[in-house]
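Order of the sequence lines sets the chain letters (A, B, ...), proteins ahead of strands, with each chain counted from 1. Predicted, not measured: the structure shown is a model, and the values here were computed from it.
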Amino acid sequence: MLQVNYIKENKSLVLERLSVKNFNDLQLIDEILGLDDARKTLQLEVETLQADANTAAKQVGELMKAGKRDEAEIIKSTTVAVKENIKNLLAQISFTEQDLQQKLVLLPNLPHTSVPKGKTPEENEVVLSFGDAPNLPENALPHWELAAKYNLIDFELGVKITGAGFPVYKGKGAKLQRALINFFLAEAEKSGYDELMLPLLVNEASGFGTGQLPDKEGQMYFCGVDNLYLIPTAEVPITNLYRDVIVKEEDLPIKNCGYTPCFRREAGSYGAHVRGLNRLHQFDKVEIVQVVKPEKSYEILEEMSIHVQNLLQKLDLQYRVLRLCGGDMSFASALTYDMEVWSAAQKRWLEVSSVSNFETFQSNRLKLRYKGNETKTQLAHTLNGSALALPRIVAAILENFQTENGIIVPECLVPYTGFRLID
RNA sequence: GGAGAGAUGCCUGAGUGGCCGAAAGGAACAGUUUGCUAAACUGUCGUACUGGCAACGGUACCGAGGGUUCGAAUCCCUCUCUCUCCGCCA
């Protein structure tokens with residue numbers, strides 16, 4: 001959520017930035033500024049009345065004590081009208097604030113100046129490419145066929161017990177999952193992230209804090225009886241740890257990581273591109289999150305991007321890094337890098353990580369601030385990234401490292417799998 | 001699931017209608033003292049909005065939301081959460 005005062009002071013800049021995200025609703029901005037002015041005027045009015053009422057109440061107290069009942073009664077009678085007035089004004093303020101809030105959450109975050117204009121994924125900017133595509137024979141198999149051939153993943157069983165998009169991992173397939181999770185967590189710990197194990201269901205306030213609610217609720221599974229949502233990413237519980245918190249400046253940066261399953265309804269996504277592991281309703285992911293000082297956040301975004309790239313390099317996967325264009329970025333992000341690995345048998349890039357700087361967009365909603373001895377309380381910056389999402393990594397490993405004799409597991413995973421070959 | 005108790009500032013904890021934005025202690029920060037460490041002493045020590053160039057003010061907030069009252073941390077109602085006991089249970 002953007003800060004109203006910032007919008008007020010930098011209106012033309014805000015409009016210019018928002019246009020990069022293809023957002024051009026000048027009228028909405030004007031309405032927001034109008035509502036904020038109205039709110040302030042009402043606020044001032046009600047506070048003046050309250051100050052008067054407070055003084056009157058004190059006088060009554062003193063007069064009563066002095067035994068001057070009659071005089072007290074006179075003052076009492078005058079406050080009745082004032083009270084009614086205050087009540088009305090408060091109701092107006094509350095209504096205005098709600099209206100303002102509802103409109104304010106419609107504004108996406110301002111993209112960083114380096115974000116390219118564009119509407120479609122094709123307009124994302126390739127920042128760098130790393131590694132070479134493996135030379136696979138013409139008859140190389142896509143991962144879903146490999147998964148069946150080596151009895152690693154059973155998609156049909158998942159359909160039976162739950163539905164499409166909930167695979168059952170078996171044998172070495174299951175072990176590979178566990179190995180990847182442990183490898184990613186170990187690497188995150190080496191990079192200084194403190195590990196957390198988190199609730200997989202969150203309440204409404206948390207969904208709002210990170211921006212899934214109100215507008216993207218269709219993306220989450222919802223337990224209506226208890227009013228809880230299944231997390232679409234560990235970002236939600238981790239970042240909400242710091243909701244309504246004022247952290248000490250010296251405790252920054254806060255670095256957390258956590259492994260969780262993620263649940264996404266993905267309503268309306270069907271077809272060839274979602275085959276196999278390409279898009280699931282439940283998948284596993286290790287997430288990294290940082291809470292940092294504003295002046296450091298872009299430096300840290302690079303650091304997080306490098307952490308993710310190191311993982312991909314250790315896994316010997318060919319990858320590329322994209323700087324997302326305005327149209328492809330998420331609502332809340334100011335700058336996002338997507339990491340994609342090459343899926344050699346499908347012959348396409350698969351997104352395996354997304355690393356974003358949200359600047360104060362989330363912290364403003366979360367009321368996540370920091371305070372130093374010298375500095376006043378101010379909003380912190382939040383960042384997060386997948387490090388990494390498992391299914392597409394598994395897809396790429398199966399496809400890229402397939403041989404006549406089986407699938408060769410990357411060296412770095414062997415300590416975690418206990419085997420080098422899937423056959 | 002049943003019964004009871006509670007929720008106050010960074011922490012502990014006092015406060016049952018006006019003198020309470022809130023005692024006291026601890027922690028933290030600054031200073032004085034000190035050969036060093038410790039101790040002692042003094043001061044500072046919540047958040048948000050808002051007025052003012054500033055000095056300094058105003059308003060709200062004692063789990064959340066309503067109500068009673070001229071006046072509520074204090075009384076009433078609803079909700080949430082925590083704790084204790086019983087039941088059930090991985």
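In this structure, CG of A/Leu89 is placed 21 Å from P of B/rC49, rounded to the nearest angstrom. Spacing between atom CG of A/Leu90 and atom P of B/rC49 amounts to 18 Å, rounded to whole angstrom units. The NZ atom of A/Lys248 sits 14 Å away from the P atom of B/rA27 (whole-angstrom rounding). The separation between A/Asp251 atom CG and B/rC10 atom P is 15 Å, rounded to whole Å. Spacing between atom CG of A/Leu44 and atom P of B/rG51 amounts to 7 Å, rounded to whole angstrom units. If you measure from atom CG of A/Leu49 to atom P of B/rG58, you get 16 Å, rounded to the nearest angstrom. Summarising the geometry, the separation between OH on A/Tyr370 and P on B/rU47 is reported as 15 Å, rounded to the nearest angstrom. B/rC10 atom P lies 16 Å from atom CD of A/Glu250, rounded to whole Å.
Rounded to whole Å, the P atom of B/rA27 lies 43 Å from the corresponding atom of B/rG67. Taking atom C1' on both B/rU8 and B/rC61, the two are 12 Å apart, rounded to the nearest angstrom. Comparing the same atom, P, in B/rU74 and in B/rG66 gives a spacing of 14 Å after rounding to whole Å. B/rG15 sits 15 Å from B/rG25 when the C1' atoms are compared, rounded to a whole Å. Using P as the reference atom, B/rC45 and B/rA55 are 15 Å apart when rounded to the nearest Å. Rounded to whole Å, the separation between the C1' atoms of B/rG9 and B/rA22 comes to 9 Å. Between B/rG17 and B/rG13, the distance separating the two P atoms is 23 Å to the nearest Å. Only the C1' atoms considered, B/rU47 is 22 Å distant from B/rG43, to the nearest whole Å.
In this structure, B/rU47 forms a base pair with B/rA60, meeting either the Watson-Crick or the G-U wobble geometry with both donor-acceptor distances under 3.5 Å. The pairing partner recorded for B/rA73 is none, the criterion being a Watson-Crick or G-U wobble arrangement whose two distances lie under 3.5 angstrom. Nucleotide B/rC53 is matched to nothing when pairs are restricted to Watson-Crick or G-U wobble geometry with both distances under 3.5 angstrom. Applying the Watson-Crick and G-U wobble criteria (two distances, each under 3.5 Å), B/rG9 pairs with nothing in any strand. In this structure, B/rA14 forms no base pair with any nucleotide, since neither Watson-Crick nor G-U wobble geometry is met with both distances under 3.5 Å. Nucleotide B/rA30 is matched to B/rU42 when pairs are restricted to Watson-Crick or G-U wobble geometry with both distances under 3.5 angstrom. Pair assignment for B/rU84: B/rA3, on the basis of Watson-Crick or G-U wobble contacts that are both within less than 3.5 Å. The nucleotide B/rA23 finds no pairing partner, because no Watson-Crick or G-U wobble arrangement with both distances shorter than 3.5 Å includes it.
Between the side chains of A/Tyr298 and A/Glu359, at least one donor N or O sits under 3.5 Å from an acceptor N or O.
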Q.
Return a single string for nucleotides 59-67 of chain B, one symbol per nucleotide in 5' to 3' order, where B is base contact, S is sugar-phosphate-only contact and - is none, cutoff 4.0 angstrom on heavy atoms.
A. BS------S
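Comparing A/Ala57 and A/Arg39 by the nucleotide of RNA chain B whose heavy atom lies nearest to each, the residue mapping closer to the 5' end is A/Ala57.
With respect to A/Glu84 and A/Lys87, no salt bridge is recorded, no charged nitrogen being found less than 4.0 Å from a carboxylate O. A salt bridge links A/Glu249 to A/Lys293: one of the charged nitrogens lies within less than 4.0 Å of a carboxylate oxygen.
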Validation: residues 378-401 of chain A side-chain donor-acceptor distances under 3.5 Å, sequence neighbours left out:
| from | atom 1 | to | atom 2 | distance (Å) |
| --- | --- | --- | --- | --- |
| A/Gln378 | NE2 | A/Tyr370 | OH | 3.1 |
| A/His381 | ND1 | A/Ser297 | OG | 2.8 |
| A/Thr382 | OG1 | A/Gln362 | OE1 | 2.8 |
| A/Asn384 | ND2 | A/Glu235 | OE1 | 3.4 |
| A/Asn384 | ND2 | A/Glu235 | OE2 | 3.3 |
| A/Ser386 | OG | A/Ser354 | N | 3.1 |
| A/Arg392 | NE | A/Asn278 | O | 2.7 |
| A/Arg392 | NH1 | A/Glu351 | O | 2.7 |
| A/Arg392 | NH2 | A/Asn278 | O | 2.8 |
| A/Glu399 | OE1 | A/Ser343 | OG | 2.5 |
| A/Glu399 | OE1 | A/Ala345 | N | 3.1 |
| A/Glu399 | OE1 | A/Gln346 | N | 3.1 |
| A/Glu399 | OE2 | A/His143 | N | 2.9 |
| A/Glu399 | OE2 | A/His143 | ND1 | 2.9 |
| A/Glu399 | OE2 | A/Gln346 | NE2 | 3.2 |
| A/Asn400 | OD1 | A/Ala344 | N | 2.9 |
| A/Asn400 | ND2 | A/Trp342 | O | 2.9 |

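Nucleic acid contact for A/Lys40: sugar-phosphate only, since backbone atoms but no base atoms lie under 4.0 Å from a heavy atom of the residue. Here A/Ser77 lies out of heavy-atom contact (under 4.0 Å) with every strand. Residue A/Ile75 is out of contact with every strand shown, counting any heavy-atom pair closer than 4.0 Å.
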(Q) side chain to side chain donor-acceptor pair (under 3.5 Å) for A/Glu195 and A/Tyr259? Distances and angles first, verdict last. (A) CA-CA 8 Å; A/Glu195 183 177 342; A/Tyr259 153 71; over 6 Å; no
Q: Could you go through the side chain to side chain donor-acceptor pair (under 3.5 Å) check for A/Gln177 and A/Asp284 one step at a time?
A: CA-CA 8 Å; A/Gln177 292 286 115; A/Asp284 298 285; 3.2 Å; yes
Q: Start with the C-alpha gap between A/Gln98 and A/Gln102, add the side-chain angles, then the distance that decides, and say whether side chain to side chain donor-acceptor pair (under 3.5 Å) holds.
A: CA-CA 6 Å; A/Gln98 274 175 36; A/Gln102 273 169 21; 5.0 Å; no
Q: Begin with the C-alpha distance, continue with both residues' side-chain angles, and end with the deciding distance and a verdict on side chain to side chain donor-acceptor pair (under 3.5 Å) for A/Ser206 and A/Asn203.
A: CA-CA 6 Å; A/Ser206 296; A/Asn203 57 30; 3.1 Å; yes
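The environment of CD in A/Glu189 is sparse: at most 12 heavy-atom neighbours from other residues, nucleotides or ligands sit within 6.0 Å.
For the pair A/Arg369 and B/rU47, the criterion of a side-chain N or O lying under 4.0 Å from OP1 or OP2 is not met.
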